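In what follows, a structure is listed as structure tokens, so that the remarks can point back to it.
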Amino acid sequence: MGAVSEQTTPRARVSARVAAIAESATLAVDAKAKALKAAGRPVVGFGAGEPDFPTPAYIVDAAVAAAQDPANHRYTPAAGLPALREAIAAKTLRDSGYDVSPGDVLVTNGGKQAVFQAFAALLDPGDEVLLPAPYWTTYPEAIRLAGGVPVEVFAGVDQGYLVTVEQLEAARTPRTKILLFNSPSNPTGAVYSPEQTAEIGRWALEHGIWVVTDEIYEHLTYDHAVFTPIVRVVPELADTSVVLNGVAKTYAMTGWRVGWMIGPRDVIAAATNLQSHLTSNVANVSQRAAITALTGDLAAVEEMRTAFDRRRRTIVEMLAAIDGVEVPAPQGAFYAYPSVEGLLGRTIRGVTPRTSAELASLILDEVEVAVVPGEAFGPSGFLRLSYALADADLVEGVSRIQGLLAEAE
């Protein structure tokens, strides 16, 4: 008798864990806009969350010098160059108003690695993370990859996109371990007041909830809004909080890939151990450039902030003039987050979009303007537009949107 063949179900080629990761919608929109531009189309892209300015020349000069130094051609400590960790500690005292030790700092390959490693170091399977929505698209994916469960807490236009302690308390369960806090916010530009920040911090402390606070937009606030470090207003949180930050947005250094984590020594040690196996040290040339950025003055930063503020006022005025659009004036970062719920279900050039994703697709197809739909950041019904682009491009892009949406029936 011949051997009996064993029939088995073919194994999946890609792991379920990785296959479940949602694509970064912001990067996808930016890539599509750039591809259309490369094909000669006059696309205006509002998708990417990065300054349109070049990195300041003095920082680039420091990188050039660093590249010529053989000391930077070798492996360095996984946690970061000691001089950079010291600079981050000094910068934290200067900008946030509290002391941290260089030993409590881990330098990461951009802010995204800091986000991933913070959740990886803190979460066990089934732990819940309170995630104020609208949220940055990477947060829920990083939480799930670490085995955690994102629990969305939504605040809409009527709340200025700011969640309340009452909402957080209603979402809290025995499985709640972390609150993600992002102020100034991506995607909404919302900024929590010092009083709101302190109230949320005291609530987290009272219930033994960790705070992971993303402060990447700390220097980009407008009007009367101020950046409030949650650890400064509730110092007792220092032992149960992880601060995430980086040079990307402040110094127009998105491509240099330098971020960091600040937290309790045991958590930073665990994340450093993870990073030693994952990526090892951040590129030394980038680290040297970051030292120069952090130890220099903030004159170039203020110039960029002034330009962003001018563009902010323009985009809010133009969007608010569209029937069916409601847009709270963003107080930080460089994003406008209009509600377009008043346009959904209305017909535009023979198409009736029912979701913000369908509306964003229509805008790209009809007037070649790329925006990111609200589905990337939480509920449908919104669009995110980055105003980190040239003034003329901004006006041209929003003018096209105005013309198209004026046809809504």
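None of the values given here were measured: they were computed from a predicted structure. For reference, positions follow the sequence shown, starting with 1.
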Between the side chains of Arg311 and Asp393, is the shortest nitrogen-to-carboxylate-oxygen separation below 4.0 Å, so that they form an ion pair? no

Tell me, with the steps shown, if Thr76 and Gln287 meet side chain to side chain contact (heavy atoms under 4.5 Å, CB included). CA-CA 11 Å; Thr76 54; Gln287 291 196 70; 4.0 Å; yes

Among residues at least two apart in sequence or on other chains, which ones pass salt bridge (Lys or Arg N to Asp or Glu O under 4.0 Å) with Lys34? Asp30

Under the salt bridge (Lys or Arg N to Asp or Glu O under 4.0 Å) test, residues paired with Lys91 that sit two or more places apart: Asp95, Glu218

Can you find a pair of side-chain heavy atoms, one from Ser183 and one from Thr228, that are under 4.5 Å apart? no

From Thr164 OG1 over to Glu199 CD, what is the distance, rounded to the nearest 0.5 angstrom? 8.0 Å

Does any non-hydrogen side-chain atom of Leu36 lie less than 4.5 Å from one of Leu364? yes

Does Arg313 pair with Asp223 as a salt bridge, N-O distance under 4.0 Å? yes

Are the side chain of Arg85 and the backbone of Val105 linked by a donor-acceptor contact shorter than 3.5 Å? yes

Any heavy-atom pair between the side chains of Trp203 and Arg172 that's under 4.5 Å? yes

Please check if the side chain of Thr176 supplies one atom and the backbone of Thr173 the other of a donor-acceptor pair under 3.5 Å. yes

Using side-chain heavy atoms (C-beta onward) and a distance below 4.5 Å, is Gln113 in contact with Gln275? yes

Which heavy atom of Ala390 sits nearest to which heavy atom of Asp52, and what is that distance? N-OD2, 3.6 Å

Given 3.5 Å as the limit, does a donor-acceptor pair link the side chain of Glu141 with the main chain of Ile21, or not? no

Is there side-chain contact between Ile348 and Leu359, with at least one heavy-atom pair below 4.5 Å? yes

Measuring only between side-chain heavy atoms, which start at C-beta, is Ile262 closer than 4.5 Å to Glu215? no

Do side-chain atoms of Gln402 reach the backbone of Met318 as a donor and acceptor pair under 3.5 angstrom? yes

Under the side chain to side chain contact (heavy atoms under 4.5 Å, CB included) criterion, do Leu383 and Ile401 qualify, and how do the steps go? CA-CA 12 Å; Leu383 300 175; Ile401 295 174; over 6 Å; no

Please list, one pair per line, the donor and acceptor atoms closer than 3.5 Å that link side chains of residues 39-50 to other protein atoms, with sequence neighbours excluded.
residue, atom, partner, partner atom, Å
Arg41, NE, Glu368, OE2, 2.6
Arg41, NH2, Glu368, OE1, 3.3
Arg41, NH2, Glu368, OE2, 3.1
Glu50, OE1, Thr254, OG1, 2.6

Which atom pairs, donor and acceptor, lie under 3.5 Å between side-chain atoms of residues 55-69 and protein residues at least two apart or in another chain?
residue, atom, partner, partner atom, Å
Thr55, OG1, Ala252, O, 2.6
Thr55, OG1, Trp256, NE1, 2.9
Asp69, OD1, Ala71, N, 3.0

Short question: side chain of Arg305, backbone of Thr221 - any donor-acceptor pair under 3.5 Å? yes

Please determine whether side chain to side chain contact (heavy atoms under 4.5 Å, CB included) holds for the pair Asp127 and Ile178, giving the CA-CA distance in whole Å, both sets of side-chain angles, and the decisive distance to 0.1 Å. CA-CA 8 Å; Asp127 286 345; Ile178 299 174; over 6 Å; no

Could you report the tightest heavy-atom contact between Pro264 and Ala238, atom names first, then the distance? CG-O, 3.7 Å

So does Glu358 get a backbone contact from the side chain of Ser361, meaning a donor-acceptor N/O pair under 3.5 Å? no

Looking at Trp210, is its backbone amide N or carbonyl O close enough to the side chain of Thr240 to form a donor-acceptor pair, meaning the two atoms are under 3.5 Å apart? no

Please report the shortest heavy-atom distance between Ala118 and Val212, naming the atom on each side. CB-CG1, 4.4 Å

Between Phe382 and Phe377, is the ring pair (Phe, Tyr, Trp, His ring centres under 6.0 Å) condition met? List the steps. CA-CA 9 Å; Phe382 304 86; Phe377 312 105; 9.9 Å; no

Work out which heavy atom in Ser96 is nearest to a heavy atom in Phe227; give both atom names and the distance. OG-CE2, 4.0 Å

Assess the side chains of Thr108 and Gln117: does a donor N or O sit below 3.5 Å from an acceptor N or O? no

Go through it in stages, so that I can follow the logic: the residues are Ile88 and Leu294, the test is side chain to side chain contact (heavy atoms under 4.5 Å, CB included), and I'd like the CA-CA distance, side-chain angles, deciding distance and then a yes or no. CA-CA 7 Å; Ile88 292 168; Leu294 295 179; 3.6 Å; yes

Roughly how far apart are Leu244 CG and Asn182 CG, rounded to 0.5 Å? 9.5 Å

Can you measure from CG (Leu343) to OG1 (Thr352) and round to the nearest 0.5 angstrom? 12.0 Å

If you round to the nearest 0.5 Å, how far is CG of Asn109 from OG of Ser280? 9.5 Å

For the student: nearest non-hydrogen atoms of Ile268 and Gly103, plus distance: CG2-O, 4.1 Å

If you measure from CG on Leu220 to CG on Asp309, what distance do you get to the nearest 0.5 Å? 10.0 Å

Mind listing the closest non-hydrogen atom pair of Pro330 and Val316 along with its distance? CD-CG2, 3.5 Å

Before accepting this row, confirm whether a basic side-chain N of the pair Asp365/Arg349 lies closer than 4.0 Å to the acidic partner's carboxylate O. no

I'd like to know if the side chain of Glu152 and the backbone of Pro150 have a donor-acceptor N/O pair within less than 3.5 Å. no

Would you say the side chain of Val149 lies within less than 4.5 Å of the side chain of Arg175, judging by non-hydrogen atoms? no

Taking Leu122's backbone N and O only, do any of them form a donor-acceptor pair with Lys177's side chain (distance below 3.5 Å, no angle check)? yes

Check this for me: does any side-chain nitrogen of one of Arg400 and Glu396 sit under 4.0 Å from a carboxylate oxygen of the other? yes

Side-chain touch Tyr337/Ser185, heavy atoms, less than 4.5 angstrom: no

Salt bridge (Lys or Arg N to Asp or Glu O under 4.0 Å): which pairs involve residues 237-251, sequence neighbours left out? none

Distance in Å, Asp104 CG paired with Arg265 CZ, rounded so as to fall on 0.5 Å steps: 4.5 Å

Among Trp136, Tyr161, Tyr217, which residue satisfies the ring pair (Phe, Tyr, Trp, His ring centres under 6.0 Å) criterion with Tyr335? Tyr217

Tell me the side chain to side chain donor-acceptor pair (under 3.5 Å) pairs involving residues 314-323, sequence neighbours left out? Asp323-Arg346

Could you check whether atom NE2 of His73 has more than 12 heavy atoms from other residues, nucleotides or ligands sitting under 6.0 Å from it? yes

